[in-house]
Amino acid sequence: MKSVYIAELSRHVGSEVLLQGWLYNKRSSGKVRFVLVRDGTGLVQGVVTSDADPTVFALADSLPQEASLRMRGTVRAEPRAPGGVEVSVTHIEPVHVPATPFPIGLKEHGTGFLMDHRHLWIRMRRQAPILRIRDGVLWAIRSFFRERGFVATESPVLVGTSVEGTTTLFPLDYFGAPAYLSQSGQLYLEATCAALGKVYWIGPVFRAEKSKTRRHLIEFWMAEAEQAFLDHDGNLALQEALVRHVVEAVAAEHSRDLAELERDSAVLLRAVAEPFPRVTYHEAVSLVQAAGVEMEAGDDFGAPAEDALSQRFGRPVFVERFPAAIKPFYMKRDPEQPDLALCADLIAPEGYGEIIGGSQRVDAEEELLHQLDEAGLSGEPYRWYLDLRRWGAVPHSGFGLGVERTIQWIAGIPHIRETIPFPRTLDRLYP
RNA sequence: UCCUCGGUAGCUCAGUUGGCAGAGCAGCCGGCUGUUAACCGGCGGGCCGGAGGUUCGAGUCCUCCCCGAGGAGCCA
C-alpha cells in the first residue's frame with residue numbers, strides 16, 4: 001500500500017491509508033487507545049479500540065514517545081479529533097522502539113535544556129511550523145528577485161579582509177595566511193552587479209560579537225541585493241517591494257503554520273498594506289526623544305530607541321540619511337548634506353528591530369580612497385574593490401536583509417534562536 | 001565586557017527562623033469505552049553546581065570559582 005502524508009489526509013476520508021512517522025504522544029480511556037502520530041507534515045490521532053487485533057492494542061499501549069512506526073487504518077472525519085480527521089487503526093508496525101525515554105517531555109522545559117537538545121527539540125510541535133515558515137521566507141525572497149530579473153551570484157564565505165572594518169571577525173588559518181569568515185557578501189555583490197546588472201545572494205554570515213540578546217545570532221543568514229544604476233530612492237522602493245512580497249507570500253502559503261503559532265496574518269498584511277513611512281535620522285532622533293527614550297543626536301539607535309520608533313508607526317519604517325561618521329566607509333554621501341550618508345535602515349514593527357540595512361555606494365575612486373582613509377583603513381586589501389571604480393563606475397545601491405529577524409517578525413517568535421535549525425549563539429556550539 | 005536572576009530527582013520547581021530531602025511530570029505496575037499536555041491509585045528515583053569557611057548541626061549563612069538564562073553595548 002502506498003503511504004500518504006498527514007497533511008493530505010483530508011483528501012482521503014473514507015479510504016484506508018498507510019502512514020509513516022513517529023509517536024508524538026498517546027492517551028487512553030478504558031478500552032480505547034489514542035496514538036498521536038507526526039510525520040513532519042502534521043499531527044494526527046490514531047484510534048485503537050478493544051475490538052482491534054490484541055497485538056495492535058498492546059502496541060498502542062506500550063510504544064514510547066518518539067518510537068518510529070508504520071500505521072494502517074481508515075481515515076474518518078471526527079470533530080472530537082485534533083485537526084478534524086482521525087485514523088481508525090488496524091495495523092501498527094514498529095520501525096524502531098527506543099530503549100530509553102525521550103528526553104523532551106510534553107511539559108515545560110528550561111531554555112538551557114532545550115538548547116542542549118536542539119537536535120531533538122526540532123521534533124516538538126511548535127518547531128515544525130517555524131521551520132516551514134523559514135523555508136517560505138527564503139523561497140519568497142528568491143521568487144521576488146527571480147521575477148525581477150536578478151541573478152543569484154554567490155559571494156565567498158572565506159575572505160581575506162573585513163567588509164566593515166569595525167565588526168569583529170572570526171579569524172582562520174588559510175594555509176598559513178590570515179583569513180576570516182565573511183560578515184557580509186556586499187563588496188563582492190558590487191563586483192558581480194557590474195557584470196550582471198542586478199544580483200542577489202542568500203547565505204550565512206558570521207559576527208564574532210559578544211552579543212547576548214534575543215535578536216542576535218553569531219551565524220545568521222543575509223539576503224543581499226545590489227543593482228547598477230539604482231539610486232537611494234530606488235533602493236528604498238526595491239526593499240519595500242521585497243518585504244511586502246515576502247509577507248504576502250508567507251501569509252498566503254503558510255496560513256496554517258501561522259495559525260498554529262497563533263500569529264494573526266491580518267496584523268502582518270495590515271502592516272505592509274500602505275507605503276512604508278520614511279523619516280530622516282534627525283527626525284527619528286526627535287521622535288525617540290519625544291517618546292521619553294534617552295539618546296543624543298549623532299548616536300546610533302539602541303534597542304529601546306528602535307522599539308520606540310517601531311511603536312510609533314506600527315508598520316515597517318525607513319530611517320534614512322544617518323550621519324556618515326557612524327556608518328561604514330562604502331556609503332555615498334548626500335550631495336546636499338555631505339555629513340550624511342545616503343543610507344537607510346528598515347525597522348520592523350512590534351519591536352522586532354532592524355531587518356534591513358542598505359545604502360547607495362560610493363562610485364568615485366577618489367571619494368572612496370578618501371573615505372577609506374577617514375575610516376583608518378588601508379587601501380591595499382581593497383585594491384580589487386577600488387578597481388570597480390576605475391572601469392565604468394556607475395551609481396549603484398544595495399542592501400542586506402536579516403533573514404532570521406524577518407522570520408522572527410513574520411512568525412511572531414520572541415527569541416531568534418528558534419528561527420534557524422541549529423542556532424549559533426554566544427558560547428554555544430553544541431549540538 | 002558590564003548589569004540582573006538562577007543552579008535541589010531524567011524534566012519543571014517548592015524547601016519556613018539553620019534542625020529527618022519534597023511535589024508534579026517522565027519511567028515501571030494497576031484502573032477507566034472518546035482522550036485533547038487526559039485522569040485516578042501504587043512503586044522506584046538525590047554528589048542539593050564545585051571548593052573552602054561559620055556552626056553542636058548548612059540545601060538554607062559567608063567567601064571564591066564554574067555553568068546557565070535574561071538584558072545592555074554592537075549590529076541584521
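Hydrogens, waters and symmetry mates play no part in the numbers below; they use all other heavy atoms, side chains included. Naming convention: chains lettered A, B, ... in sequence-line order (proteins, then strands); numbering from 1 in each chain.
- Here the P atom of nucleotide B/C39 and the CZ atom of A/Arg27 are 10 Å apart, to the nearest Å.
- Residue A/Arg417 places at least one side-chain N or O closer than 4.0 Å to OP1 or OP2 of B/G70.
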From CA spacing to verdict: salt bridge (Lys or Arg N to Asp or Glu O under 4.0 Å), A/Arg417, A/Glu219: CA-CA 11 Å; A/Arg417 64 182 155 228; A/Glu219 173 182 323; over 6 Å; no
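- Considering only side-chain atoms of A/Arg207, the nucleotide from B/A72, B/C75, B/G34 that sits closest is B/C75.
- Distances from the side chain of A/Glu306 to the nucleotides B/C75, B/A37, B/G73 place B/C75 closest.
- Nucleotides B/G27 and B/U63 have their C1' atoms positioned 41 Å apart, rounded to a whole Å.
- Between B/C75, B/U35, B/A69, one nucleotide has an atom nearer to the side chain of A/Asp300 than all others, and that is B/C75.
- Nucleic acid contact class of A/Arg125 (heavy atoms, under 4.0 Å, all strands): none.
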Quick one: what's the B/S/- string for nucleotides 40-49 of chain B, heavy-atom cutoff under 4.0 Å, read 5' to 3'? ----------
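- For A/Pro395 against A/Asp363, the heavy-atom pair with the smallest separation is CA-OD2, 3.4 Å.
- On the C1' atoms, B/G31 is 41 Å away from B/G68, given to the nearest whole Å.
- Between the C1' atoms of B/C5 and B/G10, the separation comes to 25 Å (whole Å).
- Among the atoms of the strands shown, only primed sugar atoms or phosphate atoms (P, OP1, OP2) are found under 4.0 Å from some heavy atom of A/Ile356.
- Nearest to the side chain of A/Gln45, among B/U35, B/G70, B/A76, sits B/U35.
- The shortest distance between the side-chain N/O atoms of A/Lys31 and the OP1/OP2 oxygens of B/C32 is below 4.0 Å.
- Across the C1' atoms, B/G24 and B/A9 are found 12 Å apart, a figure rounded to whole Å.
- Taking a cutoff of 4.0 Å between a charged side-chain nitrogen and a carboxylate oxygen, A/Arg361 and A/Glu226 qualify as a salt bridge.
- Taking 3.5 Å as the limit, the base of B/C74 and the side chain of A/Arg215 contain no donor-acceptor pair of atoms between them.
- Checking B/G34, B/C74, B/A69 against every side-chain atom of A/Glu86, the shortest atom distance belongs to B/G34.
- Positionally, the nearest nucleotide of RNA chain B for A/Pro103 lies more toward the 5' end than for the other of A/Pro103 and A/Ala81.
- Between A/Arg428 and the phosphate of B/A69, there is a side-chain N or O to OP1/OP2 separation shorter than 4.0 Å.
- When each of B/C74, B/G70, B/A37 is scored by its nearest atom to the side-chain atoms of A/Glu209, the top-ranked nucleotide is B/C74.
- Sorted by residue number, the members of residues 59-78 of chain A with any non-hydrogen atom under 4.0 Å from RNA chain B read A/Arg76, A/Glu78.
- Distance check on atom P: B/U16 versus B/C20 gives 11 Å, rounded to whole Å.
- For the pair A/Arg278 and A/Glu320, the salt-bridge criterion is not met [side-chain N within less than 4.0 Å of a carboxylate O].
- The distance between atom CG of A/Leu43 and atom C1' of B/U35, rounded to the nearest whole Å, is 14 Å.
- Listed nucleotides B/G71, B/C32, B/U12 differ in distance to A/Lys212; the shortest reach to its side chain belongs to B/G71.
- Here the nucleotide nearest the side chain of A/Pro101, chosen from B/A26, B/C75, B/G34, is B/A26.
- Heavy-atom minimum distance, A/Val403 versus A/Ala223: CG2-N, 3.9 Å.
- Residues A/Ile133 and A/Ala411 come closest through the heavy atom pair CD1-CB, 4.1 Å.
- Salt bridge annotation for A/Lys327-A/Glu374: absent, with no cationic side-chain nitrogen under 4.0 angstrom from a carboxylate oxygen.
- Ring orientation note: the planes of A/His117 and A/His119 are close to parallel, at an angle under 30° on the 30°/60° scale.
- Put simply, the side chain of A/Phe329 reaches to within 4.5 Å of the side chain of A/Leu377, judged on heavy atoms.
- For A/Lys210, taking side-chain heavy atoms from C-beta onward, the closest of the listed nucleotides B/U35, B/A37, B/U1 is B/U1.
- Under 4.0 Å is where a charged nitrogen must lie from a carboxylate oxygen, and between A/Arg134 and A/Glu418 no such pair does.
- Nucleotides B/G34 and B/C39 are separated by 13 Å at their C1' atoms, to the nearest Å.
- A salt bridge is defined here as a Lys NZ or Arg NE, NH1 or NH2 lying under 4.0 Å from an Asp or Glu carboxylate O, and A/Arg428 with A/Asp116 meets this definition.
- Put simply, CZ on A/Arg33 is 10 Å from C1' on B/G31, counting in whole angstrom units.
- Distance check on atom C1': B/C13 versus B/U54 gives 29 Å, rounded to whole Å.
- Contact between the side-chain N/O atoms of A/His415 and the OP1/OP2 oxygens of B/G70 is found at a separation under 4.0 Å.
- A/Glu108 comes within 4.0 angstrom of a base, heavy atoms only.
- Atoms CG (A/Asp299) and P (B/A72) sit 16 Å apart, rounded to a whole Å.
- Within 4.0 Å of A/Pro82, counting heavy atoms only, lies at least one base atom of the nucleic acid.
- In this structure, of B/C74, B/C11, B/G34, it is B/C11 that holds the atom nearest to the side chain of A/Phe113.
- Here the separation of B/C11 from B/C3, taken at their C1' atoms, is 30 Å to the nearest Å.
- With salt bridges taken as basic N to acidic carboxylate O contacts below 4.0 Å, none links A/Arg207 and A/Glu209.
- Contact between A/Val44 and A/Glu86 at its shortest, heavy atoms only, is CG2-CA, 4.3 Å.
- Note on A/Gly110: only backbone sugar-phosphate atoms sit closer than 4.0 angstrom, heavy atoms only; bases stay farther off.
- The aromatic ring of A/Phe220 sits over the base of B/A76, with ring centres less than 5.5 Å apart and planes tilted by under 30°.
- Looking at A/Glu350 and A/Arg315, no side-chain N of the basic residue comes within less than 4.0 Å of a carboxylate O on the acidic one, giving no salt bridge.
- Annotation: cation-pi pair A/Arg148/A/Tyr200 absent, no NZ/CZ under 6.0 Å from the ring centroid and within 45° of its normal.
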Once Watson-Crick and G-U wobble pairs under 3.5 Å are found, how is RNA chain B written in dot-bracket notation, 5' to 3', with | for any base paired to another strand? (((((((..((((.....[..)))).(((((.......))))).....(((((..]....))))))))))))....
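- Side-chain N/O atoms of A/Ser211 and base N/O atoms of B/C74 include a donor-acceptor pair closer than 3.5 Å.
- Taking 3.5 Å as the limit, the base of B/C11 and the side chain of A/His109 contain no donor-acceptor pair of atoms between them.
- Along RNA chain B, the nucleotide nearest to A/Leu36 and the one nearest to A/Ile218 differ in position, and the one closer to the 5' end is contacted by A/Leu36.
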